[in-house]
Participant: 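Let me begin by handing over the structure; questions about it come next.
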Amino acid sequence: MSTETQTQAGTGLSRKGLSAGSVGLLGAVVIGVSCIAPAYTLTAALGPTVAEVGVNLPAIFLVGFIPMLLVALGYRELNNAMPDSGTSFTWATRAFGPWVGWMGGWGLIAATIIVLSNLAAVAVDFFYLLLSQITGNAALADLTLDLPVNIATTLVFIALACWVSYRGMETTKTVQYVLVTFQLVVLVWFAVAAFIHITNGTAFDATPISAEWFNPFAVGSFSAFAAGVSLSIFIYWGWDVTLTMNEETTNPEKTPGRAGMLTIVVIMAVYLTVALATLSFAGVGEGELGAGNPDNQESIFAALAGPVMGPFAILMSMAVLSSSAASLQSTFVSPARTLLAMGHYQALPGRFGGVSRRHESPGYATVAAAVAAAGFYVITRIVSENALWDTITALGMMICFYYGITALACVWYFRALAFSTARDFLLKFLAPLLGGVILLVMFVKTALDSMDPSYGSGSEIGGVGMVFLLGIGVILLGAVLMLVMSRVNPAFFRGDVLKTGAAPSA
């Protein structure tokens with residue numbers, strides 16, 4: 001009996017008709033890197049993180065890497081035992097039961113659908129910026145401020161990404177190889193060019209790299225440290241897409257976990273290289289090109305690409321556009337496959353479990369995710385641009401919420417094996433326990449801090465910050481939908497479909 005058949009027996013787990021064996025290790029890593037979107041993430045996160053922690057940016061990137069690595073180890077162990085496209089939903093259900101599992105799945109779906117709308121909006125911004133740079137017509141860049149034009153273009157981007165994702169993993173891989181390679185080449189180009197300027201004495205504020213930059217204890221306050229870690233957790237988010245493809249990868253028990261680990265390591269290397277180049281070239285002051293200048297916070301590359309890359313600066317705009325567009329498409333993978341699994345196991349209406357016969361992809365779930373992302377963007381953009389950005393800020397809470405649940409699911413599911421061997425103790429118990437606790441502590445800390453209206457755009461209702469209301473509100477919405485589904489499809493919530501259990505003792 002195969003490993004897969006053994007792990008499925010008596011649990012309720014089963015295949016869903018996806019294109020088995022269509023993604024190898026390289027393809028999974030490329031899609032994982034794409035989902036994280038390093039070019040887009042760095043241009044948006046470098047400035048705000050420098051504002052919180054200054055030259056200790058590399059230290060914060062490393063600290064943020066640690067819980068991601070610990071959680072990824074737990075994900076890998078769960079995937080080895082139970083390769084299933086539902087990932088957080090399926091594994092938390094197996095460990096803790098249907099109610100916790102449903103909320104774990106909801107956390108992933110809500111976070112990815114929200115970020116889909118943001119990625120589309122960023123792609124539109126850089127699309128019109130690129131058009132203005134190519135044509136020399138500055139007015140084109142302002143088209144993104146025209147609400148009807150902005151919304152219409154955003155919907156086109158979402159529709160195109162949905163179409164590529166609907167066509168299955170083969171089309172997704174082909175698109176991602178091109179877009180990911182391009183953005184990584186440009187990021188390396190930027191870093192090398194910045195170091196050349198430093199060597200030649202033409203940097204804006206040449207600052208020698210110091211060992212103190214890597215010391216997390218040198219950060220001024222715990223609040224600044226927590227804010228920096230929260231931002232760094234966000235910039236690593238997305239690697240778990242490699243696990244949601246587990247039913248479509250070669251060697252589904254091993255390849256997804258390895259791809260997740262490799263993705264995190266590659267991203268950390270890229271982030272540290274670009275961060276060191278940026279700090280060394282521009283410093284952390286508030287001068288014209290300084291990384292601490294508030295005017296440069298929204299997009300650090302928009303300020304530095306020209307001085308660093310000269311006439312090739314337009315490539316950075318193209319890289320950020322390709323990064324956000326690539327991530328927009330690859331991010332569809334996670335919510336679509338989680339919705340597919342929830343429909344398959346009767347936690348959602350059965351139509352979500354439908355698979356396209358032609359493309360062997362979760363057709364209905366992919367379209368549903370696109371419609372949800374489009375609807376969310378249109379509503380929040382019309383109501384208030386602040387509401388959209390506050391919801392993005394609240395993403396950190398949802399990321400910590402479902403990552404934390406999944407990490408602790410690993411600890412509980414493998415509890416009988418925790419002390420069997422040194423390997424089991426480290427990988428099935430200690431690593432996911434530490435990672436899960438760190439992320440859940442960050443969830444509570446972020447929730448408490450976000451009650452202050454100054455956390456985010458400054459919007460509030462009754463003196464409570466909008467970031468808190470949106471973050472907790474989205475989680476509570478999931479709880480309400482779960483109660484509705486427990487009446488519609490009670491079999492799943494009785495534990496009749498997906499069995500709660502634990503790994504057998506050694």
Side-chain angles (χ1 to χ4, degrees), residues 35 71 85-93 98-121 158 161-162 165 230 233-234 237-241 243-244 327-328 330-343 347-349 352 362 365-381 383 387-407 409 439-440 442-444 446-447 450 456 466-486:
C35 198
V71 170
S85 67
T87 59
S88 294
F89 157 74
T90 303
W91 299 333
T93 299
W99 301 92
V100 176
W102 205 99
M103 288 304 298
W106 171 256
L108 184 153
I109 292 166
T112 48
I113 285 177
I114 289 170
V115 87
L116 280 171
S117 63
N118 179 253
L119 286 166
I158 291 175
C162 174
S165 191
S230 180
I233 286 173
F234 170 72
W237 176 55
W239 57 267
D240 53 314
V241 70
L243 281 300
T244 64
S327 184
L328 173 64
S330 61
T331 301
F332 268 107
V333 172
S334 285
R337 279 146 187 80
T338 302
L339 288 168
L340 171 73
M342 294 180 77
L348 285 175
F352 283 94
T366 301
V367 174
V371 171
F376 176 81
Y377 181 78
V378 171
I379 292 171
T380 52
R381 191 69 174 80
V383 171
L388 176 66
W389 300 122
D390 279 342
T391 308
I392 297 303
T393 306
L395 264 178
M397 277 192 280
M398 281 175 276
I399 295 168
C400 292
F401 174 74
Y402 85 84
Y403 272 1
I405 286 176
T406 310
L439 292 181
L440 290 179
M442 289 302 303
F443 169 75
V444 174
T446 304
S450 66
M466 186 60 71
V467 172
F468 173 84
L469 294 174
L470 288 169
I472 299 301
V474 168
I475 292 173
L476 291 177
L477 174 61
V480 172
L481 292 175
M482 177 176 64
L483 292 174
V484 172
M485 287 309 304
S486 70

Participant: Would a 4.5 Å heavy-atom cut-off, applied to side chains only, mark Phe89 and Leu348 as touching?
Facilitator: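 Sidechains of Leu348 and Phe89: no contact.
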
Participant: Mark yes or no for whether Thr338, through its side chain, and Pro335, through its backbone, hold a donor-acceptor pair below 3.5 Å.
Facilitator: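 Not at all, since once roles are kept as given, no pair shorter than 3.5 Å links the two residues.
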
Participant: Hey, could you give me the CE/CH2 distance between Met482 and Trp106, rounded to the nearest 0.5 Å?
Facilitator: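 Answer for the CE-CH2 pair, Met482 versus Trp106, is 11.0 Å.
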
Participant: Can you tell me how far OG of Ser327 sits from CG of Leu116, rounded to the nearest 0.5 angstrom?
Facilitator: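 Answer rounded to 0.5 Å: 8.0 Å.
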
Participant: I need the Met103 CE to Leu476 CG distance, nearest 0.5 Å.
Facilitator: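 So the gap between those two atoms works out to 7.5 Å.
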
Participant: With side chain to side chain contact (heavy atoms under 4.5 Å, CB included) as the test, would you mind laying out the steps for Phe401 and Val474 before giving the verdict?
Facilitator: CA-CA 12 Å; Phe401 174 74; Val474 168; over 6 Å; no

Participant: Could you tell me the separation between the CG atom of Leu439 and the CD1 atom of Ile405, rounded to the nearest 0.5 Å?
Facilitator: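 Nearest 0.5 Å value for the CG-CD1 distance: 11.0 Å.
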
Participant: I need the minimum non-hydrogen distance between Met397 and Gly471, along with the two atoms involved.
Facilitator: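 Of all heavy-atom pairs spanning Met397 and Gly471, the closest is CE-CA, 3.7 Å.
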
Participant: Indicate the atoms forming the closest heavy-atom contact of Ala341 with Thr90, along with that distance.
Facilitator: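 Taking Ala341 first and Thr90 second, the nearest heavy atoms are CB-OG1, 4.4 Å.
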
Participant: Between Ser117 and Ala373, what is the shortest heavy-atom contact and its length?
Facilitator: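 Looking at all heavy atoms of both residues, the closest pair is CB-O, 3.6 Å.
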
Participant: Between Phe352 and Ala365, what is the shortest heavy-atom contact and its length?
Facilitator: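 Nearest heavy atoms, Phe352 then Ala365: O-CB, 3.9 Å.
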
Participant: How long is the gap from CG on Asn118 to CG on Leu328, to the nearest 0.5 Å?
Facilitator: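 If I round to the nearest 0.5 Å, the distance is 10.0 Å.
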
Participant: For Thr87, run the side chain to side chain contact (heavy atoms under 4.5 Å, CB included) check against Asp240, Leu108, Thr406, Val241 and tell me which one passes.
Facilitator: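 Exactly one pass, corresponding to Leu108.
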
Participant: Is the centre of the Trp239 ring less than 6.0 Å from the centre of the Tyr403 ring?
Facilitator: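 Yes, close enough.
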
Participant: Minimum heavy-atom separation for Gly101 to Ala92, with atom names?
Facilitator: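 Shortest heavy-atom contact: CA-CB, 3.7 Å.
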
Participant: Quick check for you: to the nearest 0.5 Å, what is the distance between Ser334 atom OG and Leu339 atom CG?
Facilitator: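 It comes to 10.5 Å.
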
Participant: Please report the closest heavy-atom contact between Gly107 and Met398, naming both atoms and the distance.
Facilitator: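 Shortest heavy-atom separation between Gly107 and Met398 comes out as O-CB, 4.4 Å.
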
Participant: Please work out whether the ring planes of Tyr402 and Trp237 are parallel, tilted or perpendicular, with thresholds of 30° and 60°.
Facilitator: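 The arrangement is perpendicular - the two ring planes meet at more than 60°.
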
Participant: Let me see the working for Ser450 and Thr446 under side-chain hydrogen bond (donor to acceptor under 3.5 Å, both in side chains), right down to the final yes or no.
Facilitator: CA-CA 6 Å; Ser450 66; Thr446 304; over 6 Å; no

Participant: Does any part of the side chain of Phe332, heavy atoms only, come nearer than 4.5 Å to the side chain of Val367, both counted from C-beta?
Facilitator: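 No - every pair of side-chain heavy atoms lies 4.5 Å or more apart.
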
